[in-house]
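For ligands, and for the atoms within them, numbers begin at 1 and follow the listed sequence.
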Amino acid sequence: MNDLWHTRPPTADTPPNADTREDMVVFENVSKTYPQHGNSGQPTLAIDSLNVRIKKTEIISILGPTGCGKSTAMNMIAGFESPSSGTVLLDGVPVNKPGPDRSIVFQQASLFPWLTVLENIILGVKSRGMSSAIYMDRARQLLAAVRLTGFEKHYPYQLSGGMQQRVQIARALISEPGVILMDEPFGALDSQTRLMMQELVLQLWQQYQPTIIFITHDVAEAVFVSDRVLLMSQRPGRVKLAIDINEPKPRVQEFITSSRFIQVQSELLHALRSEVQDTVNPPT
Ligand code: ADP
Ligand code: MG
C-alpha cells in the first residue's frame, strides 16, 4: 500500500510538530492494591488510576517519593505484577507475563558471581536457544559499547560497581529488547561514575534506540537522560507533573549548565520536595 494512505494531514488535534511515534507502553486507568502491608495486615493501595502513554524509542524518567509505587509500575510492565484494575499494554497487547522483549537493570548488580562477564551476558539468550554465532557477535559488540572489551573472562568480584552495572546493561541489551526498564540503576554508584553511566545510557540509546523507562531519585539525572520526566505523587501514586525536556540528543555536558536545565530541575525539585514533605507531615 502506498505510504500516503497512512499520512494524515495535521488537524487541530494533531499539530504539525506532534510526536507521531506509536505507543510502546500504555497504562490505562491502572490501580494496584497489595493484599497486605506490614504488621497492620491492611491492604495497600500502591497505585491509583494511573494513565501514562510512553512512545516507541522514548526515554522517560520517573521520579517520586520512596514508596509511591515506582517499582510497582515498572514490575507491571515487566510482567512480574499484574494490575488490580485497568490494563498495561505493551505495543498494543496487554502484559500478562515477563518476556525477552523487556529487559531490566536493577540498582544492585544481579550478576551470577560464579559466571564470567561474558557468561553472564549471554546466559539468557543462550538458554532461549539463540544461535551462538549471533549471541557471540552481539556480545562482542556490546562489550565494546559498554567499554568492557578485555574483561570477558573476569568474574563480577573483580569488577568495580560501575563495571558491574555496565555488564548488567550489556546483558539487558543482548536480546535487543524493545523496552529497557531501569530501576534506580546508578543509585549505588559514586557521583563521578554516575555521570559517565548517564552518558553511556544516551550513547547506547543512540545505537540501539530502545524505549527506556528510567526510575531515579536524582532530579538532575532524570533531566539529563530523558525526553520526558514524570513526577509521581506520594502513595497512592499518580502523575503529579510531566515535563517534556525538549533537548536534542546526543546531549552534551553543557546542557547541565543551560538555563533550561536549571529551570526544569528547580521546578521538579520544588514539586518533589512538597510531595516528600507531605509524606513526612501528611496534610490534615
Ligand atoms: P517505590 O519504588 O516508589 O519506592 P514501591 O512500588 O516499591 O515504591 O512500593 C509502593 C508501595 O507498595 C509501598 O507502600 C510498598 O511498601 C508497597 N509494596 C510494594 N511491593 C509490595 C508487595 N510485594 N507486597 C506488599 N506491599 C508492597
Ligand atoms: Mg522502588
Side-chain angles (χ1 to χ4, degrees), residues 25-52 54 59-88 90 95-98 102-110 161 164-165 168-169 172 179-189 194 197-198 201 212-223 225-226 228-243 268-283:
V25 175
V26 177
F27 284 82
E28 269 178 4
N29 231 4
V30 170
S31 300
K32 175 70 185 179
T33 305
Y34 289 107
Q36 290 199 333
H37 180 52
N39 297 329
S40 69
Q42 295 296 311
T44 305
L45 178 60
I47 288 184
D48 187 17
S49 308
L50 185 66
N51 286 291
V52 176
I54 300 168
I59 308 180
I60 190 161
S61 282
I62 304 178
L63 285 167
T66 300
C68 76
K70 303 180 295 295
S71 296
T72 298
M74 186 162 279
N75 287 337
M76 288 194 282
I77 305 171
F80 298 149
E81 296 282 356
S82 49
S84 308
S85 63
T87 314
V88 179
L90 177 77
V95 174
N96 56 23
K97 58 177 189 311
R102 286 147 287 160
S103 292
I104 304 165
V105 178
F106 297 103
Q107 175 172 337
Q108 298 301 336
S110 56
Q164 291 186 27
Q165 288 308 76
Q168 265 212 88
I169 293 172
V179 178
I180 311 251
L181 304 166
M182 305 184 90
D183 195 348
E184 304 195 24
F186 310 141
L189 303 179
R194 284 178 88 112
M197 297 297 283
Q198 291 158 16
V201 167
I212 300 180
I213 299 158
F214 191 100
I215 295 179
T216 177
H217 266 111
D218 183 330
V219 173
E221 177 168 274
V223 178
V225 301
S226 17
R228 189 157 54 118
V229 180
L230 300 185
L231 175 73
M232 281 173 73
S233 66
Q234 59 173 306
R235 183 165 59 84
R238 285 164 171 251
V239 176
K240 176 174 176 171
L241 184 64
I243 299 187
L268 284 163
L269 273 172
H270 183 76
L272 181 61
R273 191 170 299 130
S274 76
E275 279 307 310
V276 174
Q277 269 166 1
D278 283 354
T279 313
V280 178
N281 304 308

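A donor-acceptor pair shorter than 3.5 Å can be found between the side chains of Glu221 and Thr216. A donor and an acceptor atom, one from each side chain of Thr72 and Tyr34, are located under 3.5 Å apart.
Residue contacts with ligand 1: Thr44 is placed with no nitrogen or oxygen under 3.5 Å of a nitrogen or oxygen of the ligand (distance criterion only). Considering backbone and side-chain N/O of Lys70, one or more are found under 3.5 Å from N/O of ligand 1. The distance criterion of under 3.5 Å between nitrogen or oxygen atoms is not met by Thr66 with respect to ligand 1. Between Cys68 and ligand 1, a contact under 3.5 Å exists for at least one N or O pair.
Contacts between Met232 and ligand 1 below 4.0 angstrom, taking non-hydrogen atoms only, are absent altogether.
Near Ser71, with a cut-off below 4.0 Å to any heavy atom, the atoms of ligand 1 are 1 (P), 2 (O), 6 (O), 7 (O).
A distance of 12.0 Å separates OG in Ser61 from NZ in Lys70, rounded to the nearest 0.5 Å. Atoms CD1 and CD1, from Ile60 and Ile62 in turn, are 6.5 Å apart once rounded to the nearest 0.5 Å.
In this structure, the side chain to side chain contact (heavy atoms under 4.5 Å, CB included) partners of Asn29, at least two apart in sequence or on a different chain, are Ser49, Asn51.
Between Ile47 and Ser31 there is no side-chain heavy-atom pair separated by less than 4.5 Å.
Summarising the geometry of Glu275 relative to Pro65, their closest heavy-atom pair is CB-CG, 3.8 Å, with the distance given to 0.1 Å.
Ordered by chain and number, Ser71 OG make up the set of protein N, O or S atoms under 2.8 Å of the Mg ion (ligand 2).
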